[in-house]
Visitor: 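Dropping a structure here in structure tokens format, bear with me for questions.
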Amino acid sequence: MSLPHAILTALLEKPSSGLELTRRFDRSIGYFWSATHQQIYRELGKLEQAGFIRALPSERPARGQKKEFEVLPAGRAELTQWASREQDPKPIRDALLLRMRAAAVVGREGLEEELRRHLVLHRRQLAEYAEIERRDFGAATADADRLRRLVLRAGIGLETFWVEWLEEALGEAAGMGSGPGDSPDGSAAAPPGGGG
């Protein structure tokens with residue numbers, strides 16, 4: 001997934017200004033692709049230079065007025081071509097998982113607090129996605145709505161996974177000894193698979 005294609009998708013759904021796109025990313029698109037205000041504006045400029053989008057003519061041009069953008073035929077063609085290409089799944093790169101692996105070697109100081117913090121964040125995100133589903137997809141029947149809901153369900157599934165996994169991780173951490181590699185009875189535990 002790339003930000004330019006996320007922006008093209010959002011603009012095909014509804015012509016928007018950069019600020020409106022940022023709000024839409026925060027509210028809904030963020031469950032599968034996040035971007036900052038600066039990243040969105042930078043990509044809008046690139047997409048406009050590439051001839052994929054254009055600023056809509058304003059009824060009364062004024063200094064500082066927000067520009068709304070729409071997708072041009074070349075942009076639709078680019079998005080269509082991109083959406084039909086093969087793409088392999090991306091490997092997970094999550095700093096929390098790496099931190100847990102490191103904690104097994106150097107000790108778990110601060111780890112439980114970080115797990116609890118992540119759990120709060122993922123529970124909050126899950127509640128937000130559930131609210132979006134309730135609010136926007138109560139009786140979704142159009143094909144486009146069904147596909148959008150499936151994307152949201154993926155976000156809900158991922159957040160559900162993280163909540164359940166973090167609860168499990170906190171339960172495991174509570175039963176561990178205090179040092180790196182300690183088993184609950186205080187003896188050193190051998191790393192599985194030779195420390196892989």
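The shown structure was predicted, so the numbers you read here are calculated from the model rather than taken from an experiment.
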Visitor: Minimum heavy-atom separation for Ile7 and Glu43, please, with both atom names.
Guide: CD1-CB, 3.5 Å
Visitor: Would you say Leu121 ends up clustered with Tyr129 if hydrophobic residues are merged whenever their side chains have heavy atoms under 4.5 Å apart, either directly or through other cluster members?
Guide: no
Visitor: Just how far is it from atom CD of Glu68 to atom CG of Leu19, taken to the nearest 0.5 Å?
Guide: 11.0 Å
Visitor: In terms of heavy-atom contacts, does CD of Glu131 have more than 12 from other residues, nucleotides or ligands at under 6.0 Å?
Guide: yes
Visitor: Show me the donor-acceptor pairs within less than 3.5 Å that the side chains of residues 158-172 make with the rest of the protein, sequence neighbours left out.
Guide:
from   : atom 1 : to     : atom 2 : distance (Å)
Glu159 : OE1    : His122 : ND1    : 2.5
Thr160 : OG1    : Ile156 : O      : 2.8
Glu167 : OE2    : Arg123 : NH2    : 2.7

Visitor: Do you know which two heavy atoms are closest between Phe137 and Arg149, and how far apart they sit?
Guide: O-NH1, 3.2 Å
Visitor: Taking the side chain as every heavy atom from C-beta outward, state whether Asp88 and Lys90 have any pair of such atoms under 4.5 Å apart.
Guide: no
Visitor: Determine, using the 4.5 Å side-chain heavy-atom cutoff (strictly less than), whether Leu21 and Leu72 are members of one ILVMFWY cluster.
Guide: no
Visitor: Do Leu126 and Val120 belong together in a cluster built from hydrophobic side chains that touch within less than 4.5 Å?
Guide: no
Visitor: Nearest 0.5 Å, please: how far is CG in Leu79 from OG1 in Thr9?
Guide: 4.0 Å
Visitor: Do the side chains of Leu47 and Leu12 join up, straight or via other hydrophobic residues, at under 4.5 Å, putting them in one cluster?
Guide: yes
Visitor: Output yes when a side-chain donor or acceptor of Tyr41 lies under 3.5 Å from a complementary backbone atom of Thr36, and no otherwise.
Guide: no
Visitor: Salt bridge or not between Glu114 and Arg117? Use side-chain N to carboxylate O under 4.0 Å.
Guide: yes
Visitor: Report, as yes or no, whether the 6.0 Å neighbourhood of atom CZ on Arg116 holds more than 12 heavy atoms from other residues, nucleotides or ligands.
Guide: yes
Visitor: Could you give me the CA-CA distance, side-chain angles and deciding distance for His37 and Phe25, then say whether side chain to side chain contact (heavy atoms under 4.5 Å, CB included) is met?
Guide: CA-CA 9 Å; His37 185 76; Phe25 268 69; over 6 Å; no
Visitor: When clusters are formed by joining ILVMFWY residues with side-chain heavy atoms under 4.5 Å apart, either directly or through shared neighbours, do Leu11 and Val151 land in the same one?
Guide: yes
Visitor: Between Glu128 and Arg124, does any NZ, NE, NH1 or NH2 come within less than 4.0 Å of an OD or OE carboxylate oxygen?
Guide: no
Visitor: What's the separation between atom CG in Leu150 and atom CZ in Arg146, rounded to the nearest 0.5 Å?
Guide: 8.0 Å
Visitor: Testing the basics here: between Ser16 and Lys14, what is the closest heavy-atom pair and its distance to 0.1 Å?
Guide: OG-O, 2.9 Å
Visitor: Which atoms form the tightest heavy-atom contact between Ala35 and Ile40, and what is the distance?
Guide: CB-CG1, 3.9 Å
Visitor: Does Glu13 have any side chain to side chain donor-acceptor pair (under 3.5 Å) partners at least two apart in sequence or in another chain, and if so, which?
Guide: Arg24, Arg148
Visitor: Where is the tightest heavy-atom contact between Met100 and Leu111, given as atom of each residue plus distance?
Guide: CG-CD1, 4.0 Å
Visitor: After noting the C-alpha distance and the side-chain angles of Arg101 and Leu97, does the key distance pass the side chain to side chain contact (heavy atoms under 4.5 Å, CB included) rule?
Guide: CA-CA 6 Å; Arg101 185 73 183 225; Leu97 298 178; over 6 Å; no
Visitor: Check whether any side-chain heavy atom of Leu115 sits under 4.5 Å from a side-chain heavy atom of His118, and report yes or no.
Guide: no
Visitor: Tell me whether the count of non-hydrogen atoms from other residues, nucleotides or ligands lying under 6.0 Å of CZ in Arg135 goes above 12.
Guide: yes
Visitor: Atom CG in Leu44, atom CZ in Phe69: separation rounded to 0.5 Å?
Guide: 5.0 Å
Visitor: Roughly how far, to the nearest 0.5 Å, is the CG atom of Asp145 from the CG atom of Leu152?
Guide: 11.5 Å
Visitor: Looking at every heavy atom in both Glu48 and Ala55, which two are closest together, and how far apart are they?
Guide: OE2-N, 3.7 Å
